[in-house]
S.K.: 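Sharing a structure here in structure tokens format.
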Amino acid sequence: MGFMIEDGKGTRGTAGVNEDQQLTVASVNQTEFEFVSKEKELAFSWSSGTYDAAANDTILLIKNTSRTNNLHIDGIWLSTDTETRVVVHVPTTEVTVTGTTITGVNLNTGSANVAEASAARDETNNSQGNIIWSGEIQATGEPYFIDFAGALILGTNSSIGVDYVADVAACDVTITGHYQ
């Protein structure tokens, strides 16, 4: 009898082989974001809610306050009632967050974990640092999505801000991210 691959659950089952002597396997594919939400319960969403913003307002700013985990930004949803230029930036100096406090919502609704972040809408205590995305969005009522796929990483005390250049009567920004 040749080499046998047993299952990892201790049932003494063995791996199947097809007629071409290939190992028969099944897999479950999921994004890192899904895995972190389900298994680690560390995926969050921050939303500004709709409000009337003045020109050049920071609509939403998030500062990672975790001493042990980086905050990976997965995506940003933008919407407005007025065509505007949007600037997504990472302040190069540490920010003391001011404005209307926004609490991160755990995307695993069965979890009691809380986001280790300070966040605010209409944030007024930052200056634009490194611009990582800018562009025009239309006043369509449909959200515009920026996909960072977790590649934008905020270390301890790093922040991300989203500014709208135009004076808008109704705007929203939602940012999703996860800790690793």
Side-chain angles (χ1 to χ4, degrees), residues 31-34 36-37 42-107 113-180:
T31 66
E32 179 178 336
F33 190 63
E34 291 171 308
V36 170
S37 182
L42 291 174
F44 296 90
S45 176
W46 293 266
S47 183
S48 69
T50 304
Y51 81 100
D52 181 354
N56 297 309
D57 263 6
T58 297
I59 309 303
L60 181 60
L61 182 129
I62 300 171
K63 176 182 178 180
N64 178 21
T65 58
S66 174
R67 294 185 184 275
T68 57
N69 290 310
N70 289 328
L71 176 57
H72 296 247
I73 302 300
D74 291 283
I76 302 175
W77 283 262
L78 311 162
S79 69
T80 181
D81 68 342
T82 306
E83 181 177 332
T84 187
R85 182 158 215 39
V86 176
V87 178
V88 179
H89 59 97
V90 177
T92 53
T93 58
E94 189 173 332
V95 174
T96 301
V97 181
T98 60
T100 303
T101 300
I102 302 295
T103 301
V105 176
N106 195 313
L107 295 176
N113 289 341
V114 296
E116 292 183 90
S118 295
R121 80 174 192 191
D122 196 14
E123 208 286 328
T124 58
N125 198 33
N126 77 89
S127 57
Q128 282 186 3
N130 295 321
I131 296 173
I132 55 173
W133 186 92
S134 67
E136 297 284 330
I137 62 171
Q138 303 300 310
T140 63
E142 295 294 320
Y144 183 86
F145 180 65
I146 305 169
D147 186 2
F148 286 110
L152 174 55
I153 302 170
L154 302 178
T156 301
N157 295 323
S158 293
S159 302
I160 181 173
V162 179
D163 296 0
Y164 282 14
V165 175
D167 186 339
V168 298
C171 66
D172 294 281
V173 170
T174 299
I175 299 175
T176 56
H178 68 276
Y179 289 95
Q180 283 244 315

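Note: hydrogens, waters and symmetry copies are ignored here, and every other heavy atom, side chains too, is used. We number each residue from 1, following the sequence as shown. The structure displayed is predicted, hence computed values, not measured ones.
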S.K.: May I ask you to test the Thr84-Ile137 pair for a side-chain heavy-atom distance under 4.5 Å?
M.R.: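 Yes. Closest side-chain heavy atoms under 4.5 Å.
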
S.K.: Using every non-hydrogen atom in the two residues, find where Asp147 and Asp74 come nearest and quote the distance to one decimal.
M.R.: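 In terms of heavy atoms, the two residues are closest at OD1-O, 3.4 Å.
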
S.K.: Side chains of Glu123 and Leu60, heavy atoms from C-beta outward: is any pair under 4.5 Å?
M.R.: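 With C-beta onward as the side chain, the pair stays apart.
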
S.K.: If you look at every heavy atom in Phe44 and Asn113, which pair is closest and at what distance?
M.R.: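 Nearest heavy atoms, Phe44 then Asn113: CE2-O, 3.7 Å.
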
S.K.: Using 0.5 Å steps for rounding, measure from the CD1 atom of Ile153 to the CG atom of Leu71.
M.R.: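 If I round to the nearest 0.5 Å, the distance is 10.0 Å.
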
S.K.: To check you understand the geometry: which heavy-atom pair defines the closest contact between Ala117 and Tyr179, and what is its length?
M.R.: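 Scanning both residues completely, I find the closest heavy atoms to be CB-OH, 3.5 Å.
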
S.K.: Apply the test side chain to side chain contact (heavy atoms under 4.5 Å, CB included) to residues Ile132 and Phe148: give CA-CA distance (whole Å), side-chain angles for both, the deciding distance (0.1 Å), then the verdict.
M.R.: CA-CA 10 Å; Ile132 55 173; Phe148 286 110; 4.2 Å; yes

S.K.: Can you see which heavy atom on Glu142 is nearest to which on Ser79, and at what distance?
M.R.: O-CB, 4.4 Å

S.K.: Decide side chain to side chain contact (heavy atoms under 4.5 Å, CB included) for Ser45 and Leu107; before the verdict, give the C-alpha distance in whole Å, the side-chain angles of both, and the deciding distance to 0.1 Å.
M.R.: CA-CA 7 Å; Ser45 176; Leu107 295 176; 3.7 Å; yes

S.K.: Ion pair present between Glu116 and Arg67, side-chain N to carboxylate O less than 4.0 angstrom?
M.R.: no

S.K.: So Ser134 and Arg85, side chain to side chain contact (heavy atoms under 4.5 Å, CB included) or not? Walk me through it.
M.R.: CA-CA 7 Å; Ser134 67; Arg85 182 158 215 39; 3.9 Å; yes

S.K.: With side chains defined as the heavy atoms from C-beta onward, is the minimum distance between Val86 and Tyr144 less than 4.5 Å?
M.R.: no

S.K.: Under the rule for side chain to side chain donor-acceptor pair (under 3.5 Å), what residues qualify as partners of His72, not counting sequence neighbours?
M.R.: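 Per chain and number, His72 pairs via side chain to side chain donor-acceptor pair (under 3.5 Å) with no residue.
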
S.K.: Of all heavy-atom pairs between Trp46 and Ala115, which one has the smallest distance, and what is that distance?
M.R.: CZ2-CB, 3.6 Å

S.K.: Verify the distance criterion only: is there a donor paired with an acceptor across the side chains of Asp172 and Ser48 at less than 3.5 Å?
M.R.: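 No, no side-chain donor-acceptor pair sits under 3.5 Å.
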
S.K.: Using side-chain heavy atoms (C-beta onward) and a distance below 4.5 Å, is Thr82 in contact with Asp167?
M.R.: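 Thr82 vs Asp167: side chains apart.
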
S.K.: Would you name the heavy atoms of Val168 and Asp52 that are closest together and state the gap between them?
M.R.: O-OD1, 2.8 Å

S.K.: Quick check for you: to the nearest 0.5 Å, what is the distance between Thr98 atom OG1 and Asn125 atom CG?
M.R.: 4.5 Å

S.K.: State, without any angle test, whether Thr58 and Asn126 hold a side-chain donor-acceptor pair at a distance under 3.5 Å.
M.R.: yes

S.K.: For the residue pair Ile160 and Ile76, establish whether any side-chain heavy-atom pair is separated by less than 4.5 Å.
M.R.: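 Result yes, sub-4.5 Å side-chain heavy-atom pair found.
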
S.K.: Say you draw a straight line from CG of Leu154 to CG of Asn70; how long is it, rounded to the nearest 0.5 Å?
M.R.: 8.0 Å

S.K.: Checking Trp77 against Thr176 for the side chain to side chain contact (heavy atoms under 4.5 Å, CB included) test, could you report, in this order, the C-alpha distance in whole Å, the side-chain angles of both residues, the deciding distance, and whether it holds?
M.R.: CA-CA 9 Å; Trp77 283 262; Thr176 56; 3.5 Å; yes

